[in-house]
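Treat the numbers as computed from the prediction; the structure is a model and nothing was measured. In the text below, chain A, chain B and the rest are named by the order of the sequence lines, each starting its count at 1.
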Number of protein chains: 2
Amino acid sequence: MPPSTRRARRRPPTLRDVAEIADVSIKTVSNVVHDYPHVRESTRTRVQEAIAATGYRPQLAAQQLRTGASGIVTLAVPSLNFSYFSNLAQTFIDEAQGRGRTVVLHTTSAGRDEEIEVLRGFRRRLGDGVIFNPMQVGEDYLAQMEHVDQPTVFIGEHLSDAHLPPGSDYVRIDNTRATADATAHLLERGRRRLAFVGAMETTDPAPHSSSGLRIEGFRQALWRHDLDPARAPIEEVADWHRADGREAAHRLLDAHPHLDGLVCGNDEIALGALAGLRDRGRTVPGDVAVVGYDDSPEALFAHPPLTTIRPDKQFLVKAALDMLIERINGYEGAPRTITAPHELVVRGSTPEG
Amino acid sequence: MPPSTRRARRRPPTLRDVAEIADVSIKTVSNVVHDYPHVRESTRTRVQEAIAATGYRPQLAAQQLRTGASGIVTLAVPSLNFSYFSNLAQTFIDEAQGRGRTVVLHTTSAGRDEEIEVLRGFRRRLGDGVIFNPMQVGEDYLAQMEHVDQPTVFIGEHLSDAHLPPGSDYVRIDNTRATADATAHLLERGRRRLAFVGAMETTDPAPHSSSGLRIEGFRQALWRHDLDPARAPIEEVADWHRADGREAAHRLLDAHPHLDGLVCGNDEIALGALAGLRDRGRTVPGDVAVVGYDDSPEALFAHPPLTTIRPDKQFLVKAALDMLIERINGYEGAPRTITAPHELVVRGSTPEG
DNA sequence: GAGATCGTCTGCAACGTTGTACACGACGAA
DNA sequence: TTCGTCGTGTACAACGTTGCAGACGATCTC
């Protein structure tokens, strides 16, 4: 084998290398790469052969520098360890790949400081825009921002559309209504001694936190069924994990032994609560009915299968990407808010109607 | 408010803009940004103020073009919908963020063609290297490659270290031994009528597929306990999901009603199998003991909690990143293989010893 | 007091790519 | 024949950044 064939990984080939081999200008190579029509067929194939021979790939960095666009979008979510977010991320990646865009994933589990860094445009300018699910940062912070540093779409639950910074949009899930639907479902199935379990995750004042909105929905439903919302226990947990749900169930049963329905802030907590109820000898849904939130894949395989709220992730992701791309392409209008739909999925953890 | 303060998102500020305000050369601004020591204190603060005023952020594309490095690494895995991979991705992101690197996520659920595209360096040159968990592509394909297109570290289970392409490394999990450990555990607890459930995911000839290696371990353990490996049923499923595990359990019980132990290819299948066994009125671990593989978070909260094999993800991720960064920094040695450790986590789905 | 050394700062070139402008020959229409 | 048009290809400049070489004045050394 001639030594020239031993193509070691040195400097990657550039347009110039290809141009030299095909004996054309680099611009012609560029034209071929981009399917520019006015290239003679014979030239085109000669260039394509040279590209194949060198293994040439366009260098994104140079394209971005020249054209100002990279086709990269950043997705910033708290943590992929929550199946809600990992499923969301996958949906997002699929949708973005389908549109020819690449996804950079940034997780902000370290908290508020990291979220603020996202808003401040990170340390270096990288992609064309960001889709951001904030947890710690609330409206107060956003309201005070003059303008976002790059095209931004917020997703999530606990922002009010009134205070979005200029240059951003928002896809929300109507938490209050969704939780009201879940609660109403328990009430319609005859349960009366309900409790709510959720985490208080924001450091901003509470009313618009994710849990705050869900609690609001919980209380609205009780009120509409002529029950006193003030008397229904709200169990606050430290985090959204299964372990928290389990312990919350223990504490709730200790304080309210005759509990017969549990509305949980997410599926993980609900699944933990199932375990916690079992620990205390309660049957589900016989003694206590349970509803979750998210319709994570585990919900279907829980024992019993979990009744839950299913937000339309596909809708959410598509809407977010649509608006982000519009912003990237220069749209400068006022912030927009879109509400993604949801539905109640009834399974075995709530009694038959 | 003076109109100049209404900093609309136009062209992002560059070194030149900052330099003009601070009345220095752009090179000096660059020096300040990079903490170059020989800058007078007064100059430094003046520049820093100008940076703050403009909101300047270095533009990665230009840096990359100039220096040849981006600090971006790509992680290519099949799908974040498997909690094994989403947890792995999160571990990876944390570790990479800790080392000042950014992660691009690419998922290859579409199959072999997409995996080959990863190996071929994608359509555009983007990051500095890639960490790749192949599923469809096997050794035959890799063995025939002259050289990888960019620094590459494979992770996973079903490659043999003999055939890695030059320029790549490999962090493997010793599947065969791990599954043998899991199987031995069931045998030591007195079970004798065991079956294995797993998916056949590769299109390459089977022996070194992920399932193939696990089956090998399964059989080795049987052999060592004086049982005939040929008589133990192997239940093949289409995919690694819960639903597959459930159906597999149904089929297995139909064919082998006296089954008393189940070794599953991953936790999802095992969790599905738990549901399938319950469907058929079997108790776990009373009638049938079950072991999984991965120690996904759900395993702990299954009913009963799942005994499973826990691969050391932290180790895996660190080793992969170490080797990748060495390659990026110019290491040109022969392919290396590192084996990540694992342990058996005993929980309620297998009987007491 | 002359030369060497140090600290501070700057100008130039180049990384790989693409938009614009234009050159050149061939062909069609007047 | 002449002018305009079309198809094909090229030269040049610029995107924002950083390594290198060196300018310039101040300080040190003998």
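In this entry the distance linking CZ of B/Arg123 with C1' of C/dT17 reads 19 Å, nearest Å. Atom CZ of B/Arg16 and atom C1' of D/dC15 are 10 Å apart (whole Å). What separates OH of B/Tyr36 from P of C/dT8 is a distance of 9 Å, to the nearest Å. Between the CZ atom of B/Arg57 and the C1' atom of D/dG16 there is a distance of 16 Å, rounded to whole Å. One atom, OH of A/Tyr56, and another, P of C/dG16, lie 10 Å apart when rounded to the nearest Å. In this structure, A/His38 places its NE2 atom 18 Å from P of C/dA26, rounding to the nearest Å. Between A/His34 atom NE2 and C/dT20 atom P there is a gap of 14 Å when expressed in whole angstrom units.
The shortest distance between the side-chain N/O atoms of B/Ser30 and the OP1/OP2 oxygens of D/dT17 is not below 4.0 Å. For D/dT8, neither phosphate oxygen OP1 nor OP2 lies less than 4.0 angstrom from any side-chain nitrogen or oxygen of A/Thr28. Remark: B/Arg40 is not in phosphate contact with C/dG7, judged by side-chain N or O atoms under 4.0 Å from OP1 or OP2.
If B/Asp23 and B/Leu65 are placed on DNA chain C by their nearest nucleotide, the residue sitting closer to the 5' end is B/Asp23. For B/Arg46 and B/Ala62, each mapped to the nucleotide of DNA chain C holding its nearest heavy atom, the one lying further toward the 5' end belongs to B/Arg46. Taking the nucleotide of DNA chain D with the nearest heavy atom to each of B/Thr14 and A/Lys27, the more 5' of the two is matched to A/Lys27.
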Show me, pair by pair, the donor-acceptor contacts under 3.5 angstrom made by side chains of residues 85-96 of chain A, not counting sequence neighbours?
from: A/Ser86; atom 1: OG; to: A/Ser83; atom 2: O; distance (Å): 3.2
from: A/Asn87; atom 1: ND2; to: A/Ser83; atom 2: O; distance (Å): 3.0
from: A/Gln90; atom 1: OE1; to: B/Leu80; atom 2: N; distance (Å): 2.6
from: A/Gln90; atom 1: NE2; to: A/Asp94; atom 2: OD1; distance (Å): 3.0
from: A/Gln90; atom 1: NE2; to: B/Thr107; atom 2: OG1; distance (Å): 3.0
from: A/Thr91; atom 1: OG1; to: A/Asn87; atom 2: O; distance (Å): 2.8
from: A/Glu95; atom 1: OE2; to: A/Arg99; atom 2: NE; distance (Å): 3.2
from: A/Glu95; atom 1: OE2; to: A/Arg99; atom 2: NH2; distance (Å): 3.0

